[in-house]
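For clarity, every value in this text was computed on a predicted model and none was experimentally measured. Along the sequence shown, the residues carry numbers beginning at 1.
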Amino acid sequence: MTEASTPPLKVAPADEVAEVVFDDAMERKIEVICSCYPDTNIGAALLPVLWLCQERWGWISPGIMQAVGDRLGLAPAFVEGVVTFYTMYQRRPPGRYLLQVCTTLSCQLCGTPSLVEHLKKKLGIGFGETTPDGNFTLVDVQCLGACGEAPVLQINNDYYTDLDPETLGNLLDGLASQ
């Protein structure tokens with residue numbers, strides 16, 4: 001995929017997710033997730049419930065962690081430990097486009113260094129930062145599982161493969177104009 005077709009993330013502002021109460025629609029979705037696991041191990045539902053919350057609010061705030069812990073009967077510290085362990089959960093509000101650059105050896109050998117240099121220069125940010133306009137957040141990740149099409153960049157939920165700086169520049173321009 002090389003066209004700028006990725007929809008922007010919907011990201012809740014921090015004050016909106018300071019304290020979270022699940023509405024009926026979220027409760028139904030959580031119930032479906034929980035029904036897949038034995039009552040004796042409802043904590044197994046933690047990862048998919050967190051993912052559901054991130055899809056809804058764009059990131060996992062402390063208020064969301066508290067609500068998930070309360071709903072699943074898990075200690076807040078345990079939920080926070082899981083969120084901080086897995087890099088797939090965003091603990092700060094990301095930009096409209098979350099750019100995840102694979103920096104493992106396969107991608108490095110296929111051109112990631114020039115892509116990273118291009119991204120940092122074009123966007124004026126480094127890894128873990130968001131552009132001042134809130135459009136892009138840049139993060140490095142370990143293996144996106146597309147080594148055969150390296151270098152690879154994941155933007156929100158879409159993969160872009162076999163990239164070069166020119167193609168990447170055009171892609172970013174297209175996203176910025178959406």
Would you find a donor on one side and an acceptor on the other, under 3.5 Å apart, between the side chain of [X] and the backbone of [Y]?
X      : Y      : value
Thr167 : Leu163 : no
Gln54  : Met88  : yes
Ser106 : Cys147 : no
Arg92  : Gly128 : yes
Thr112 : Cys107 : yes
Tyr97  : Ala176 : no

Please check if Ile60 and Val21 belong to a single hydrophobic cluster, counting links between Ile, Leu, Val, Met, Phe, Trp and Tyr side chain heavy atoms closer than 4.5 Å.
no
Counting only heavy atoms from other residues, nucleotides and ligands, does the tally under 6.0 Å from [atom1] of [X] exceed 12?
X      : atom1 : answer
Glu117 : CD    : no
Asp133 : CG    : yes
Phe78  : CZ    : no
Glu55  : CD    : yes

When you look at Tyr160 and Leu168, which way does the side chain to side chain contact (heavy atoms under 4.5 Å, CB included) test go after all the steps?
CA-CA 9 Å; Tyr160 294 85; Leu168 179 57; over 6 Å; no
Pairwise distance [atom1]([X]) to [atom2]([Y]) - rounded to 0.5 angstrom:
X      : Y      : atom1 : atom2 : answer
Leu171 : Asp158 : CG    : CG    : 10.0 Å
Leu52  : Ile33  : CG    : CD1   : 4.5 Å
Leu72  : Leu50  : CG    : CG    : 8.0 Å
Arg96  : Ile155 : CZ    : CD1   : 12.5 Å
Thr161 : Leu153 : OG1   : CG    : 10.0 Å

Can Asn156 and Thr6 be counted as having a side-chain donor-acceptor contact under 3.5 angstrom?
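Per modelled atom types, Asn156 and Thr6 side chains form no pair under 3.5 Å.
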Under a 3.5 Å threshold, yes or no: a donor from one side chain and an acceptor from the other, between Gln142 and Thr103?
yes
Taking all atoms of both residues into account, what is the closest heavy-atom pair of Cys53 and Phe22, and its distance?
SG-CE2, 3.8 Å
Can you name the nearest heavy-atom pair linking Val79 to Gly69, along with the distance?
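Shortest heavy-atom contact: CG2-CA, 3.7 Å.
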Got a salt bridge between Glu31 and Arg71, using NZ or NE/NH1/NH2 to carboxylate O under 4.0 Å?
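Yes, this pair counts.
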Go through it in stages, so that I can follow the logic: the residues are Tyr159 and Glu149, the test is side chain to side chain donor-acceptor pair (under 3.5 Å), and I'd like the CA-CA distance, side-chain angles, deciding distance and then a yes or no.
CA-CA 10 Å; Tyr159 274 39; Glu149 299 175 285; over 6 Å; no
Does the side chain to side chain contact (heavy atoms under 4.5 Å, CB included) test come out yes or no for Trp57 and Glu16, once each step is laid out?
CA-CA 9 Å; Trp57 289 291; Glu16 189 178 301; 4.2 Å; yes
